[in-house]
Amino acid sequence: MNWVGHYNYWVVIFLMMSGFYVVISRGNMIKKLLGLNIFSTSVFLLYISMGKIHGGTAPILTDNPNQVYSNPLPHVLILTAIVVGVATTAVGLALVVRIQERYGTIEEDEIRAKDDSL
Amino acid sequence: MEVFIDIALLTLLCITAMAVVHIRKLFCAIMLLGIFSLLSASMFVNMDAVDVAFTEAAVGTGISTILLLLGMSLTNTREKRPHYQPLFSLVVVSITGAVLVYGTMDLPAYGDPNASIHHHVAQRYIKQSPLEVGPPNMVTSVLASYRGYDTLGETAVILTAGMALVALLGMRRRKVLPMSSSSGCGDYHDMKDHLVLRIMAKIFIPLILLFALYVQFHGDYGPGGGFQAGVIFASGIILYALIFGLEAAMKVVGYPVLRVLAACGLLLYGGVGVACMALGGNFLDYNALAHDPLHGQHLGIFLIELGVGVTVFAIMVIMFYAFASRRGHTA
Amino acid sequence: MIIDALDIVTAICLALGCFLGISGGVGIYRLPDFYTRMHATSVTDSACAFLILFGLMLQSGFSLVTVKLGFILLFMVLSSPTAAHALAKTAVQFGIEPLLGREDKR
Amino acid sequence: MIHLPVALVVIPLLGAAVCVLFRRSFIAWTVALAAAWSGFAISILIAVYIMKIGTLSYSIGGWPPPWGIAYHIDYLNSFVLLIVSGIAAVVMPYARTSVNYEIEEDSQAYFYCLLLICLAGLLGITVTGDAFNMYVFLELSSLSSYALIGMGKRRRALTAAYQYLVMGTIGATFLLIGIGLLYNLTGTLNIHDLAHQLAVNNIIGSHNRTLLTAFAFIIVGLSLKLALFPLHLWLPNAYTYAPSVATIFLASTATKVAVYMLLRFCFTILSGGFIFKLTLGKILLIPALAAILIASMVAIFQYDIKRMLAYSSVAQIGYMILGISLATPLGLSAGILHLFNHALMKGLLFMVMGAVNYRIGAVYLNDFRGLGRTMPWTMAAFVVGGMSLMGIPLTAGFISKWYLVQAALEKGWWPVAALILIGSLLAVIYIWRVVETAYFNPAQEMEAESSGEAPLSLLLPMWLLVLANIYFGIDSSIPVELAGRAATLLLGGAS
């Protein structure tokens, strides 16, 4: 078991968890979206880490026939996932803006209080 | 050397993430998130994922940050309560993290060329794609041809987001609000007064649009493609809107035009797929588009990248308009 | 000989660029108010980017990469002072007062 | 004929683009109607074909499966396809009147556009044979459903949509992590190839830690999406405050498709549910039983009937997961059958809510007073739907409950069977409250114009589902046959 070889994964897991922590521990809705962003960006890092080969280059054809290329498939998957991420952020933000207009706040506990008081 | 850069970047990423967790000023947190994205883009370059880095830089650092700032300016700039249920969250997070670390125990080491991930499907993409599909950039071949259907889904996701924003926030052309011209509170309408900015924008915007076109049509040979090009083109328009005001930008590219463009991009993509079926191939089987399979692939990839670019451009600008025109709106 | 000379010049450029970059960072951290911080970063930032890019251009020789670096350089030289100018002007409009000669607030 | 599976997804997707292009409410509705009906026709054709031949594959882009994305349709998919497209086909005629009432004229075209995209996403998840493609289409359907829910009139719709967005995104990201780990182990994304590689490289047998983690993440992520008991928090609010049409459509399809994904990952990839039989079944059993009991009890105390039905949905999902966690042919087919029957009855019940909302403007318990007289057809439909929910013989709900009890008894778990019956009893209580109010309480002093039967455009689709509920309660051979075959296929391993 080569422990040193996994440091990259572990740091990425730490990043993921800090994003996840923001999502579940904060009441501010924009802050939660920031957390989601960190969470998903770190998952992207995990995927790309998997595709890396030591001594490889970017998967763009070169003249050298013996060139080692990194795995292009995770890159493609993550390109798609990035788009999904920004789309989710935008929709979430639209909801937050509407919530601010209708409730006058974006703190979850204040919103809950306003809902309960009705 | 690679490892050194790797560790340096990872350290910076950790510091930035912790700062985002702690800072309660949302403005700072959003800017730090932009830095986080930029750092992860550098990390992607270091891990040979140039296309991903390009997209992350354009989206995470560019569009996301702009949208978040706009959204924040419409709401609160400060988080009120720092902690919600810190202990419970910490426990959940630690368990999740521990499970993940446990899961990595049986993974091959980072960068191991013998890992099974590199030996099954990926080998065909690396060895055959220049012969079967054509573009030297393998990411483009996989994205547009082998997994072109995923990219269709991705384009639809973007369209969905745009339409969701329009449905939720509404899209109306408003007259200039009296407050926007008088108050000096960093409202972007004011930037018309900045002579230097205006001149610089006039120099830059054509260059940005030109660069977007380069990225669009050079995606076969280097990093880039429809998605990145769309985002860059949109950022040119957004810059215009920031400097010369929303009204002026809406006169240049109005919302109806964007709506039609967004729909047409997706229709173009789907249309290419349907055309392939009509010509006797499977859905998105570009080989059927021309007599020579390679030509067919080339044509197909060109067209669908164009479709992606157009839709992404239109939706990104629509998103910006949707938030920006919400300013001063009361429910 | 020429290559050696190029390497030396590159090294000097890069080192100087890095130094300027770091000093800008220290400046933004240590200086007291908005305008002095702006001053520290904007000036060093432009020079730092210029030096580093120039050093890299020397290394890349006469190729497409050099042209690309040249474009980046052009972009940086134009955009970075503009951004600094816009920031400063907005700050003035916003009514942020510079801390003039007040030693007590550090 | 060969291209039919692709048409299933592409027609609604391009239809959505056409909706955006024209932006007229009527055109958008026509497009949506045409897309939904053609989708239903195609699913019937596919089902007939599958019953004859067994499986149907289609490689997109002409690339053979492990390299490109391929559709792979067998009994299970075609069954779920029938559910999703069938419900869409029934909802679309209903939508016109209801949407006219609930959504502003300006946004109607976007509503239909998002509804079509949601449909395309759900169908896309169901037909595809590629794990990552499932994620993309899952996000497509989720993103559109966040917006659909957020379009509800009351302001709590916004917070409900936001809550769903956060929990849904966490779920999807967990799924993404799980798929990534699986991909790392095998180097492939195609579901059948994944199963093959895991078996060939002896990863399943060797107690691989990464595999376990991958499945832990996939199951938690999907449980968030399908609202399994402790992770169901988003569901009651989302279903309560969404526009009626969105509630009908999402309640009867979205969670079903998530259950389908769970089945695919747990049984097809882990050939025959290897790990599932050992441990996971028992792990899922507890939340399933808790869902049945606790959610049913919570439902009894709700005064907003839409919310009551939403909690009942959480309980019904418990039944499905219970059937799956038994992991026997009978239990599994009961769970799959319940997907179908639950879609029928919840679709019907939420349609009744939409109709009542159309006439009265709200669906609190008090609003139901005297409705038995003023809206006889609507309330009769509610009674049939309620009976189906309780599991009374001669309705569809009875069939799946019957199989479920049998499956539990077959395993000798009689306490579980008893709990299923108790759950049904609780359903009797909460449905009875509404029936009692509607038929035996005197009508409110109401202004004349707001009372009266719902318009025909709402009644017809509703009664179509009533007939379906009764028909499939009497002659259940078709769904039972399909569900049984799907169950044997899942337990017998891949291909």
Side-chain angles (χ1 to χ4, degrees), chain B residues 96 99-100 102-108 115-125 128 132 145-150 152-154 156-157 159-168 170-171 256 259-260 262-267 270-271 273-274 276-277 281-288 331, chain D residues 2-3 6 10 13-14 16-21 23 58-63 66-69 106-107 110-111 113-114 117 120-121 124 128 130 132-133 136-137 139-140 143-144 146-147 150-151 158 177 181 183-190 193 197 201 208-214 216-217:
Chain B
T96 321
V99 171
L100 262 177
Y102 173 79
T104 57
M105 303 277 187
D106 279 345
L107 283 184
S116 49
I117 188 172
H118 305 306
H119 285 280
H120 185 43
V121 175
Q123 279 309 309
R124 169 149 175 177
Y125 297 146
Q128 299 290 318
E132 287 178 333
S145 189
Y146 293 103
R147 297 187 72 86
Y149 185 61
D150 263 354
L152 177 67
E154 166 193 333
V157 165
L159 184 78
T160 314
M163 291 309 113
L165 249 67
V166 176
L168 289 172
M171 176 63 69
R259 183 167 53 79
V260 170
C264 286
L266 185 60
L267 284 176
V274 175
C276 294
M277 291 204 288
N282 275 0
F283 186 69
L284 291 177
D285 184 355
Y286 312 129
N287 287 352
Chain D
I2 319 165
H3 297 306
V6 140
V10 171
L13 212 55
L14 296 189
V18 174
C19 289
V20 176
L21 205 56
R23 221 182 70 108
Y58 185 86
S59 11
I60 292 168
W63 303 109
W67 292 284
I69 295 170
D106 282 353
S107 335
Y110 301 120
F111 185 86
C113 163
L114 291 169
I117 289 178
T128 190
D130 188 279
F132 190 80
N133 196 239
V136 173
F137 278 86
E139 280 293 13
L140 190 59
L143 207 59
S144 46
Y146 306 145
M151 286 172 85
L158 295 167
I177 296 172
L181 292 177
Y183 171 53
N184 200 332
L185 278 177
T186 58
T188 181
L189 285 166
N190 184 282
D193 197 33
Q197 294 290 331
N201 299 337
N208 188 297
R209 285 173 286 192
T210 307
L211 186 70
L212 284 178
T213 308
F217 272 83

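Just so it is clear: chains get the letters A, B, ... in the order the sequence lines come, proteins before strands, and each one is counted from 1.
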Could you check if a side-chain atom of [X] sits within less than 4.5 angstrom of a side-chain atom of [Y], using non-hydrogen atoms only?
X      : Y      : answer
D:L140 : B:E154 : no
B:L107 : D:L181 : yes
D:L212 : B:Y102 : yes
B:Y149 : D:F137 : yes
B:N282 : D:H3   : yes

Given that the side chain runs from C-beta out, which part of [X] has a heavy atom under 4.5 Å from chain B: side chain, backbone, both or neither?
X      : result
D:N190 : neither
D:L14  : both
D:L21  : both
D:F217 : side chain
D:Y183 : both

Which value, rounded to the nearest 0.5 Å, describes the distance between [X] atom [atom1] and [Y] atom [atom2]?
X      : Y      : atom1 : atom2 : value
B:D150 : D:F132 : CG    : CZ    : 6.0 Å
D:S144 : B:M163 : OG    : CE    : 13.0 Å
D:C113 : B:L159 : SG    : CG    : 5.5 Å
B:D106 : D:L211 : CG    : CG    : 9.5 Å
B:H120 : D:L189 : NE2   : CG    : 9.5 Å
D:W63  : B:N287 : CH2   : CG    : 6.0 Å

Main chain of [Y], side chain of [X]: is a donor-acceptor contact present, judged purely on distance under 3.5 Å?
X      : Y      : answer
B:S116 : D:G187 : no
B:R259 : D:V20  : yes
D:Y58  : B:F283 : yes

Quick one: of [options], who has the most non-hydrogen atom pairs under 4.5 Å with chain B?
options                        : value
D:D130, D:L185, D:I177         : D:D130
D:P66, D:G62, D:A17, D:G61     : D:G61
D:T188, D:V6, D:V136, D:N184   : D:N184
D:T128, D:I117, D:T186, D:N133 : D:N133

Practice task
Check whether the ring centres of D:W67 and B:Y146 lie less than 6.0 Å apart, and answer yes or no.
Solution key: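 When the ring centroids of D:W67 and B:Y146 are compared, they turn out to be at least 6.0 Å apart.
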Completion exercise
Max heavy-atom pairs within cutoff under 4.5 Å with chain D, candidates B:I117, B:V157, B:L100, goes to B:I117
Practice task
Counting only heavy atoms closer than 4.5 Å, note whether B:L266 contacts chain D via side chain, backbone, both or neither.
Solution key: both
